[in-house]
Structures are given as C-alpha cells and as structure tokens.
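Naming convention: chains lettered A, B, ... in sequence-line order (proteins, then strands); numbering from 1 in each chain.
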2 protein chains.
Amino acid sequence: MPATSKTKPAPAGRGRRVARASGDDRERAILETAERLLEERPLSEISVDDLAKGAGISRPTFYFYFPSKDAVVLTIIDRLVAAAAGSREEALATMAEGELRAGLRQALSDLYGAFSSRRAVTLAAAELRMRNPEARELWSQVMEGWVTDVTAVIEAERARGAAPPGQPARDIAIALVQMNERVQYATFNDESPSLDEDRVLDVLVDIWLRAIYGTAEPD
Amino acid sequence: MPATSKTKPAPAGRGRRVARASGDDRERAILETAERLLEERPLSEISVDDLAKGAGISRPTFYFYFPSKDAVVLTIIDRLVAAAAGSREEALATMAEGELRAGLRQALSDLYGAFSSRRAVTLAAAELRMRNPEARELWSQVMEGWVTDVTAVIEAERARGAAPPGQPARDIAIALVQMNERVQYATFNDESPSLDEDRVLDVLVDIWLRAIYGTAEPD
DNA sequence: AACTTTATCAACACCATGTCGAGAGATTCA
DNA sequence: TGAATCTCTCGACATGGTGTTGATAAAGTT
C-alpha cells in the first residue's frame with residue numbers, strides 16, 4: 001500500500017458515501033456555503049436547496065454528498081468541537097500551574113474564544129440540539145468533558161486546603177459549566193437581558209472564584 | 001349593558017378571530033390537546049393536523065381558531081408566564097423580610113416549582129424561542145423581570161453592608177438568572193451532565209449565596 | 001322569512017424533504 | 001480498444017407539511 005492517503009476510511013459515517021476524487025471540492029463547497037449562510041440567518045431558514053445552489057449543484061446531487069442538512073451542520077460542529085477540545089486541554093494545563101486566579105481567567109477566556117470566533121456555528125449547534133439526537137449526544141460529550149475536568153480541579157483545590165468544602169464538586173461544576181454555556185449563548189445571540197461582550201469574562205470569573213473558593217457569610 | 005361577560009374584547013390578539021359562543025369549547029380542546037401531546041413528544045414533532053384531530057375538527061377549521069401551531073403554544077406559555085410572575089412577587093416578598101438564606105431558598109424553590117409543574121410546556125417554550133420572535137420577546141420579558149428584581153436585592157444587601165461590593169449587581173443577576181434557566185432546563189430534559197432533581201436547589205442556592213455574599217479568597 | 005354571523009371542511013396552491021432511475025464522464029483492466 | 005465499473009449528476013416523482021379559498025350549513029338577529 002502506497003503512502004499517499006488514497007481512500008481514507010469514511011471520516012465518521014457523516015460526510016459522503018465513499019470518499020474519493022474531485023467531489024472533495026463539492027463537499028468543501030457545501031460546507032463553506034453552510035457556514036456562510038449561517039452568518040446571515042438561522043439554520044431553520046436555510047433549505048437543502050440553498051446549500052445545493054450555493055455549492056453550484058442540484059438538490060439531488062447534494063444528497064450524494066450528505067444525507068441531510070443536519071449532517072452538514074453536524075460535520076461543521078464536529079470540527080468546532082475538536083478545536084474547542086484543544087482549547088480545553090490548553091486551559092487546564094494553564095490552571096494546573098499554581099497561579100489559579102489568572103489560570104481560571106485564562107481557561108474561561110480560551111473557552112469563550114473558541115466559540116466566539118465561530119458564533120454562527122455555535123448558535124446553529126444550539127438550535128440543532130433541540131431536535132437532533134446526534135447533535136444532543138455530541139454536545140453532551142463536550143459538556144461532560146468540561147464538567148469532568150472542572151470537577152477534578154475543584155477537588156484538587158479542596159484536597160490541598162485552598163478551597164473550602166461545600167456542595168459536591170461535580171454538582172458545582174455542572175452548574176458553573178451550564179452557566180457559562182447559557183451566558184455565552186445569550187451574549188452571542190445579543191438577547192435582551194445579556195452581558196456585554198466585554199463584561200462577560202469578568203463576571204463569569206468572579207462567580208466561578210466565589211463558587212469555588214468563597215464561602216457565603218451573610219450578616 | 002348587562003353584567004354577564006358577553007363579548008370579552010379579544011384576549012390578546014392571539015386566540016381566535018372574534019370570540020363567542022360554543023367555539024370556546026373547541027378553543028379549549030385545541031389547547032388541551034397541545035398540552036397533552038407535548039407530554040409525549042417535542043413541539044417540532046406535532047403537526048397542525050395532530051392538534052385538529054385531537055380537538056375533533058379538520059385542519060382548516062383549526063385555522064379558524066388559531067393562526068398557527070406556534071400561536072397555540074404561545075397562548076399556553078402566556079398563561080404559564082403569568083402564573084410564574086405570581087411566584088416571583090411572592091418569592092421577592094419572602095426575601096424582603098430579612099431572613100435571607102431561607103428567603104433565597106424559598107424564592108428559588110418557587111421559581112423552580114412554577115416551571116417544573118409544567119415541564120412539557122417549559123421545554124416547548126425553549127424550543128419555540130429558537131425560531132419564533134414573539135416567543136423570544138415573551139421570554140425576554142420574563143428574564144428581565146427576574147433580573148431587575150434580583151439586581152434590586154443585591155444592591156439593597158450591598159447598601160446595608162450585608163454583601164460585599166463586587167461586579168455590577170445587574171451583571172451578577174443576569175449570570176445567576178441565566179444559570180438557573182439552563183440548569184433547570186437540563187434537569188427537566190434529563191440531559192447527560194445535569195443535576196439530579198433533588199440536588200438542584202441545594203446547589204443553586206449555594207452558588208447564589210456565594211456569588212452575592214461571599215468573596216473569593218484563594219490561597 | 002330575510003339577513004347576518006359563526007363555524008365547518010373539501011379542494012387547492014405551495015414548499016420542503018428525500019428517493020429513483022436514467023444517464024454522462026472518467027478510470028481500470030482485459 | 002473497448003467493455004466493465006465507478007463516480008457523479010439531475011429530472012421526475014412521492015410524500016408530508018403549511019396556509020388559503022370558497023361553498024355551505026347551522027344559529028342567532030331583526
């Protein structure tokens with residue numbers, strides 16, 4: 001077998017039926033069209049025909065490359081998620097190095113950045129998750145990754161006495177990670193009560209620090 | 001004019017075109033069918049025909065009562081939101097009476113209860129918000145109500161010296177209210193990383209107290 | 001009894017999805 | 001070289017949803 005990647009064994013079951021020659025261009029064209037159109041309007045207002053037209057093919061031909069509109073978006077989300085996973089490892093590495101206040105800020109900043117650089121896709125992911133089980137499952141894995149890591153950090157901090165005991169670490173982690181998801185979504189989407197772009201990080205970091213390291217001592 | 005409510009001037013622009021006699025039954029039947037079907041499957045999998053059939057009428061007749069499927073759900077959400085608004089006032093009244101830890105717990109508990117008693121509708125609201133501007137606007141008002149009230153509470157506590165200064169009260173309020181929304185949704189929807197039904201309140205109250213009254217003092 | 005209002009639905013127009021089958025062009029190999 | 005095979009393309013169709021129209025029946029009003 002030669003060293004050139006010739007047949008590449010079906011990237012995930014998503015993409016095309018077999019995977020080979022010049023149709024790669026079409027596949028890319030479809031993905032690019034989807035990303036471009038998502039900058040303009042929500043997924044629910046984009047039809048298969050729009051994607052086909054944008055890629056310069058007919059609608060039936062679209063189905064040669066992807067089984068559905070959702071599959072196109074899932075492919076795009078896959079890639080975003082892979083990139084975000086990179087951010088997560090990097091972020092956690094920073095946090096493990098002692099300087100925790102700055103570390104946490106850096107971690108949340110990386111997370112924020114990973115998704116803010118691809119708003120349209122992030123919003124589409126949220127929309128798709130509502131009605132597509134595969135998208136739900138994928139997102140679920142992303143969330144679980146973050147929750148697991150954050151749980152470990154909280155437990156480590158408690159173990160070395162830097163953080164006081166409290167509710168189970170995993171429960172706190174779930175609430176904080178979900179808070180970030182919602183707050184970021186609202187900001188990206190420019191919802192009515194939502195945090196300003198340039199305030200998000202300060203506010204989230206503050207709440208994380210208090211939730212992890214603080215205690216509540218009302219009068 | 002007699003004292004009997006005879007014509008009732010079009011409840012909100014939503015419901016039916018005019019509003020009178022026996023058609024009230026049909027209208028109720030449609031609303032009840034919608035609620036019933038939402039217990040079984042998501043809004044996106046319910047058709048106008050399903051609603052019509054369930055109410056014992058044909059599809060065109062459905063359009064005599066409501067302009068669309070979305071309008072039916074919006075009517076239902078309207079009522080849920082009105083009920084929740086009652087909860088909010090009650091909750092805030094409890095909090096204003098000094099005993100704050102218990103007060104906050106009671107407030108969040110009321111909020112949680114208002115929506116958990118109508119899970120199906122709450123989930124449908126979230127789904128509808130994704131693609132319907134009117135639903136978005138309605139939900140936006142609900143969120144704004146809570147944010148405004150919570151902001152006032154935080155500022156009052158800071159003013160009387162019970163809570164330390166920190167990020168702007170409104171920003172903290174936004175993040176906390178959005179956290180609750182997301183965490184509760186995940187729990188109702190039984191998502192993969194989500195808090196157990198019976199842990200939600202403890203965790204949320206803990207984070208709220210720390211965010212409002214605590215300070216972060218890492219080692 | 002004429003007239004108006006309320007209520008109903010068959011038939012239609014429209015749009016989106018996804019499939020089928022007939023081919024066109026390139027590549028393989030006999 | 002030419003037949004077989006594979007990749008790629010699309011017209012035509014089947015299906016299923018939305019929303020509208022117009023004819024009509026039944027109730028209420030004058």
Side-chain angles (χ1 to χ4, degrees), chain A residues 1-2 4-11 14-31 33-34 37 41-74 127-128 131-132 134-135, chain B residues 1-2 4 6-11 14-31 33-34 37 41-74 127-128 131-132 134:
Chain A
M1 199 196 297
T4 52
S5 74
K6 196 175 163 189
T7 24
K8 60 171 173 176
R14 215 103 64 205
R16 199 172 357 140
R17 302 214 232 283
V18 240
R20 263 202 62 209
S22 87
D24 282 352
D25 300 335
R26 305 296 191 161
E27 189 169 327
R28 255 193 303 108
I30 292 171
L31 292 168
T33 301
L37 293 182
R41 51 184 195 273
L43 179 57
S44 58
E45 286 169 30
I46 296 171
S47 71
V48 170
D49 201 44
D50 292 334
L51 297 179
K53 284 284 196 337
I57 56 179
S58 71
R59 208 166 53 76
T61 299
F62 166 92
Y63 287 102
F64 178 80
Y65 293 98
F66 292 94
S68 69
K69 179 177 76 177
D70 287 3
V72 175
V73 180
L74 275 167
E127 188 182 335
L128 195 57
R131 54 179 169 70
N132 184 300
E134 209 176 340
Chain B
M1 198 198 297
T4 53
K6 197 174 164 189
T7 25
K8 60 170 172 174
R14 214 103 63 204
R16 198 175 355 143
R17 303 216 232 282
V18 242
R20 260 201 64 211
S22 87
D24 282 352
D25 300 335
R26 306 294 193 168
E27 189 168 328
R28 255 193 304 106
I30 291 172
L31 291 168
T33 301
L37 293 182
R41 51 183 193 273
L43 178 58
S44 58
E45 284 168 32
I46 296 171
S47 71
V48 170
D49 201 45
D50 292 334
L51 297 179
K53 284 282 195 342
I57 56 179
S58 71
R59 207 167 55 77
T61 299
F62 166 92
Y63 287 103
F64 179 80
Y65 293 98
F66 292 94
S68 68
K69 180 177 75 175
D70 287 2
V72 175
V73 179
L74 274 168
E127 189 181 334
L128 194 57
R131 55 180 170 70
N132 185 300
E134 208 175 341

Using whole Å, report how far [atom1] of [X] lies from [atom2] of [N].
{"X": "A:Glu45", "N": "C:dT17", "atom1": "CD", "atom2": "P", "result": "13 Å"}
{"X": "B:Lys69", "N": "D:dG19", "atom1": "NZ", "atom2": "C1'", "result": "13 Å"}
{"X": "B:Asp24", "N": "C:dT6", "atom1": "CG", "atom2": "P", "result": "12 Å"}
{"X": "A:Phe64", "N": "D:dT9", "atom1": "CZ", "atom2": "P", "result": "7 Å"}
{"X": "B:Tyr63", "N": "C:dC9", "atom1": "OH", "atom2": "C1'", "result": "14 Å"}
{"X": "B:Phe62", "N": "C:dT8", "atom1": "CZ", "atom2": "P", "result": "13 Å"}
{"X": "B:Arg131", "N": "D:dG17", "atom1": "CZ", "atom2": "P", "result": "15 Å"}
{"X": "A:Arg59", "N": "D:dT9", "atom1": "CZ", "atom2": "P", "result": "16 Å"}

Answer yes when B:Lys53 and B:Asp50 have at least one side-chain N-carboxylate O distance shorter than 4.0 Å, and no when they do not.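 Salt bridge absent between B:Lys53 and B:Asp50.
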Test: B:Arg131 and B:Asp70 ion pair at under 4.0 Å: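 Salt bridge: yes.
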I would like to know whether A:Val73 and A:Asn132 meet side-chain contact (heavy atoms from CB on, under 4.5 Å); could you show each step before the answer? CA-CA 11 Å; A:Val73 180; A:Asn132 184 300; over 6 Å; no
Looking at B:Thr61, does any N or O in its side chain come under 4.0 Å of the phosphate oxygens OP1/OP2 on C:dC9?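 B:Thr61 to C:dC9 OP1/OP2: side-chain N or O found under 4.0 Å.
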Taking every heavy atom of A:Ala55 against every heavy atom of A:Thr33, the minimum-distance pair comes out as N-OG1, 3.6 Å
Salt bridge (Lys or Arg N to Asp or Glu O under 4.0 Å) filter on B:Arg59, not counting sequence neighbours, yields none
Among C:dG18, D:dT9, C:dT19, the one nearest any side-chain atom of A:Arg26 is D:dT9
Please list, by residue number, the residues of residues 47-56 of chain B whose heavy atoms come closer than 4.0 Å to an atom of DNA chain D; answer none if no residue qualifies.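 Within this stretch, B:Ser47, B:Val48 sit under 4.0 Å of the strand.
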Qualifying residues under side chain to side chain donor-acceptor pair (under 3.5 Å), relative to B:Thr61, sequence neighbours excluded: B:Ser58
